[in-house]
> 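I have a structure I would like to understand better, so I am pasting it below and will then ask my questions one at a time.
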Amino acid sequence: MKTTQIFQIIIALVIFTSCNPYDLDDNTIYWNTNSLVRMQLKGHVKQVKSMNGTNIMNFTSAGFISNISHNSEYLIYTETYDYTSNRLVSISRNTTLGKTTGITEINFDYQNFGKYILQDKYMLLNDALIPNLKSKTGNPTTTYSMDGETLYIIENYQGGNIDSTIVEYTDKYPTRIIRSDGTEVKDFEYASNGMFKKYAVYSQAPTWQNKATYYFHTDDQYLMLDSMVQVHVEGSFTRKDIDLYQYDSNKNLILFKNYMGENKYTYPVVDSIGNWLTKEWQYRSNSTQTWSSPTSETRTITYY
């Protein structure tokens, strides 16, 4: 093949992959990462056991959750995740609480919107955005409909209740969320890999206004809160509260502090990959300044 022909093919591929509005397969974008990244698990993890083995989480070789199980005296449940080309298509859940058993299934459908779709109007953390999500069945059954740069989220609950949310977009990402209760989420800032850098939640009632601004730790792999600054105004009264988060070199949370007190976390046992196997937690309130006795949590991690 001539050099000019090779060059023309390369140019065509670059144009296609960079200009196709439905191409959301860029693995450098956080919202395309797998479950291990969302859970801050390092390495090629196959299984995580916790709570003395009563909780078991298994992962596919591609790093996505395959199933979750819990087996204790009063509660037994399993969740099975099914994928097509590493895209989640269903979650089957079987729960036994005492003598009551329930089976539910959530199915996911997709369409080439060319957008990262806000799947839940309240949960704006690790799984907030899903590429090209069209619908999610269950209770509620949720549909995601794009009209230009505006997304309409319609939730239909059993019993006839309907809730709706409007999401405004700029390019591929949400820039304003308007919930049915009047709450707005806006002032979004994104990193180059699609991670949130900042957003703010505005809410109000006839006698008060509240603004909560969330700032995220600068990182190219994990989405980690850095701080939350909340300003509450009620008449002539103004209150400002700040939540602070700190992390260690393995990107594990080591301190959470707010106006009530602080939690500190230590990791006495960490494996060779950098995943913690033992975590200890303590709390002290601002009023007493006395640390609680450590509470310990352990887990076992198996790798492929």
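None of these values were measured; they are calculated from a predicted model.
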> Please determine whether residues Phe108 and Ile154 belong to a single hydrophobic cluster, defined as Ile, Leu, Val, Met, Phe, Trp and Tyr linked transitively by side-chain heavy-atom distances below 4.5 Å.
no
> For the backbone of Asn58 and the side chain of Ser66, can you confirm whether one donor and one acceptor N or O come within less than 3.5 Å of each other?
yes
> Taking only Lys NZ, Arg NE, NH1 and NH2, and the carboxylate oxygens of Asp or Glu, determine whether Lys121 and Asp163 approach each other closer than 4.0 Å.
yes
> Any carboxylate oxygen within less than 4.0 angstrom of a Lys/Arg side-chain nitrogen, looking at Arg176 and Glu184?
yes
> Would Asp243 and Lys257 count as a salt bridge (Lys or Arg N to Asp or Glu O under 4.0 Å) if you check the C-alpha gap in whole Å, the side-chain angles of each, and the deciding distance to 0.1 Å?
CA-CA 6 Å; Asp243 295 354; Lys257 186 175 183 179; over 6 Å; no
> What residue among Thr298, Ile301, Thr300, Asn55 forms side-chain contact (heavy atoms from CB on, under 4.5 Å) with Ser50?
Asn55
> Could you tell me which residues satisfy side chain to side chain contact (heavy atoms under 4.5 Å, CB included) with Leu75, sequence neighbours excluded, listed by chain and number?
His70, Ser72, Tyr77, Thr95, Leu97
> Nearest 0.5 Å, what's the OH-CD distance between Tyr247 and Gln40?
7.0 Å
> Work out which heavy atom in Ala62 is nearest to a heavy atom in Asn86; give both atom names and the distance.
CB-OD1, 3.6 Å
> State which residues pass side chain to side chain contact (heavy atoms under 4.5 Å, CB included) with Thr288; sequence neighbours excluded, sorted by chain then number.
Ser285, Thr290
> Decide whether Met57 and Ile273 are clustered together by the hydrophobic rule: side chain heavy atoms of Ile, Leu, Val, Met, Phe, Trp, Tyr closer than 4.5 Å, transitively.
yes
> Could you give the distance from CE (Met195) to OH (Tyr173), rounded to the nearest 0.5 Å?
10.5 Å
> In this structure, which one of Thr175, Leu124, Thr165 forms a side-chain contact (heavy atoms from CB on, under 4.5 Å) with Val185?
Leu124
> Rounded to the nearest 0.5 Å, how far does NZ of Lys172 lie from CD1 of Ile117?
12.5 Å
> With clusters defined by side-chain heavy atoms of hydrophobic residues (ILVMFWY) lying less than 4.5 Å apart, directly or transitively, does Tyr152 cluster with Phe113?
no
> Report yes or no: do Thr143 and Ser135 form a side-chain donor-acceptor pair below 3.5 Å?
no
> Can Arg284 and Glu262 be counted as an ion pair, charged N to O under 4.0 angstrom?
yes
> Check the pair Thr101, Thr96 against side-chain contact (heavy atoms from CB on, under 4.5 Å), reporting the backbone distance first and the verdict last.
CA-CA 4 Å; Thr101 298; Thr96 300; 3.3 Å; yes
> Nearest 0.5 Å please: distance from the OG atom of Ser35 over to the CG atom of Leu88.
8.5 Å
> Should the heavy atoms of other residues, nucleotides or ligands under 6.0 Å from NZ of Lys46 be counted, would the total exceed 12?
no
> Taking a hydrophobic cluster as the set of Ile, Leu, Val, Met, Phe, Trp and Tyr residues connected by side-chain heavy atoms closer than 4.5 Å, whether directly or through intermediates, do Leu125 and Tyr190 fall within one such cluster?
yes
> Given the rule in the ring-ring contact (aromatic ring centres under 6.0 Å, His included) test, do Phe64 and Tyr83 qualify, once you have shown the distances and angles that lead to the verdict?
CA-CA 9 Å; Phe64 295 93; Tyr83 301 87; 5.4 Å; yes
> Roughly how far, to the nearest 0.5 Å, is the OG atom of Ser203 from the CG atom of Asn210?
4.5 Å
> What verdict does the side-chain contact (heavy atoms from CB on, under 4.5 Å) test give for Thr278 and Glu297, after you've listed the backbone C-alpha separation in whole Å, the side-chain angles of each residue and the deciding distance to 0.1 Å?
CA-CA 6 Å; Thr278 302; Glu297 178 183 350; over 6 Å; no
> For Asp171 versus Lys115, what's the shortest heavy-atom pair and its separation?
O-NZ, 2.5 Å
> May I ask you to test the Tyr144-Met146 pair for a side-chain heavy-atom distance under 4.5 Å?
no
> Ignoring hydrogens and angles, tell me if any N or O in the side chain of Thr137 forms a donor-acceptor pair with the backbone of Asn107 under 3.5 Å.
yes
> Would the distance check show the side chain of Asn286 and the main-chain N or O of Tyr259 forming a donor-acceptor pair, the cut-off being under 3.5 Å?
yes
> Strictly under 6.0 Å, is that where the ring centroids of Phe196 and Tyr30 end up?
no
> What verdict does the ring-ring contact (aromatic ring centres under 6.0 Å, His included) test give for His44 and Tyr303, after you've listed the backbone C-alpha separation in whole Å, the side-chain angles of each residue and the deciding distance to 0.1 Å?
CA-CA 6 Å; His44 203 188; Tyr303 296 89; 8.8 Å; no
> When you look at Lys136 and Gln119, which way does the side chain to side chain donor-acceptor pair (under 3.5 Å) test go after all the steps?
CA-CA 9 Å; Lys136 184 171 61 175; Gln119 70 146 332; 3.2 Å; yes
> Crowded around Lys49 NZ? As in, over 12 foreign heavy atoms under 6.0 Å?
no
> Do you know which two heavy atoms are closest between Asn132 and Gly114, and how far apart they sit?
OD1-N, 2.7 Å
> Using the rule given for side-chain contact (heavy atoms from CB on, under 4.5 Å), can you reason through Leu151 versus Tyr169, listing the C-alpha separation, both sets of side-chain angles and the distance that settles it, and then say yes or no?
CA-CA 8 Å; Leu151 171 70; Tyr169 277 75; 3.6 Å; yes
> Heavy atoms only: give me the nearest Asn139-Asn156 pair and the separation to one decimal.
OD1-O, 4.5 Å
> Between Asp147 (side chain) and Thr150 (backbone), is there a donor-acceptor pair under 3.5 Å?
no
> Nearest 0.5 Å please: distance from the CG atom of Leu277 over to the CG atom of Asp271.
5.0 Å
> Is it the case that one hydrophobic cluster holds both Met51 and Val45, taking links as side-chain heavy atoms less than 4.5 Å apart, direct or via other members?
no
> Could you check whether any side-chain N or O of Arg299 sits under 3.5 Å from a backbone N or O of Gly53, counting only pairs where one atom can act as donor and the other as acceptor?
no
> If you measure only the distance, is there a donor-acceptor pair under 3.5 Å linking the side chains of Asn263 and Gln282?
no
> Start with the C-alpha gap between Met224 and Tyr245, add the side-chain angles, then the distance that decides, and say whether side-chain contact (heavy atoms from CB on, under 4.5 Å) holds.
CA-CA 9 Å; Met224 302 180 291; Tyr245 302 79; over 6 Å; no
> Testing the basics here: between Ile68 and Tyr81, what is the closest heavy-atom pair and its distance to 0.1 Å?
CD1-OH, 3.6 Å
> Answer yes or no: are there more than 12 heavy-atom neighbours, outside Asp181 itself, under 6.0 Å from its atom CG?
yes
> Residues two or more places apart in sequence or in another chain: which of them pass side chain to side chain contact (heavy atoms under 4.5 Å, CB included) with Asp187?
Lys198, Ala200, Tyr202, Lys211
> Taking NZ, NE, NH1 and NH2 as the nitrogens, is one of them in Lys186 or Glu168 under 4.0 Å from a carboxylate oxygen of the other?
no
> Does Lys264 qualify as a cation-pi partner of Trp291, given the criterion of NZ or CZ under 6.0 Å from the six-membered ring centre and within 45 degrees of its axis?
yes
> Do Thr78 and Arg93 have side-chain N/O donor and acceptor atoms under 3.5 Å apart?
no
> Hey, what's the ring geometry for Trp281 with Tyr265, parallel, tilted or perpendicular (30° and 60° as the breaks)?
tilted
> Please report the shortest heavy-atom distance between Asp26 and Asn32, naming the atom on each side.
O-ND2, 2.8 Å
> Would you say Asn34's side chain and Val37's backbone share a donor-acceptor pair under 3.5 angstrom?
yes
> Where does the angle between the aromatic ring planes of Phe188 and Tyr199 fall among parallel (under 30°), tilted (30 to 60°) and perpendicular (over 60°)?
tilted
> Consider only side-chain N and O atoms of Gln230 and His232, and report whether a donor and an acceptor are under 3.5 Å apart.
no
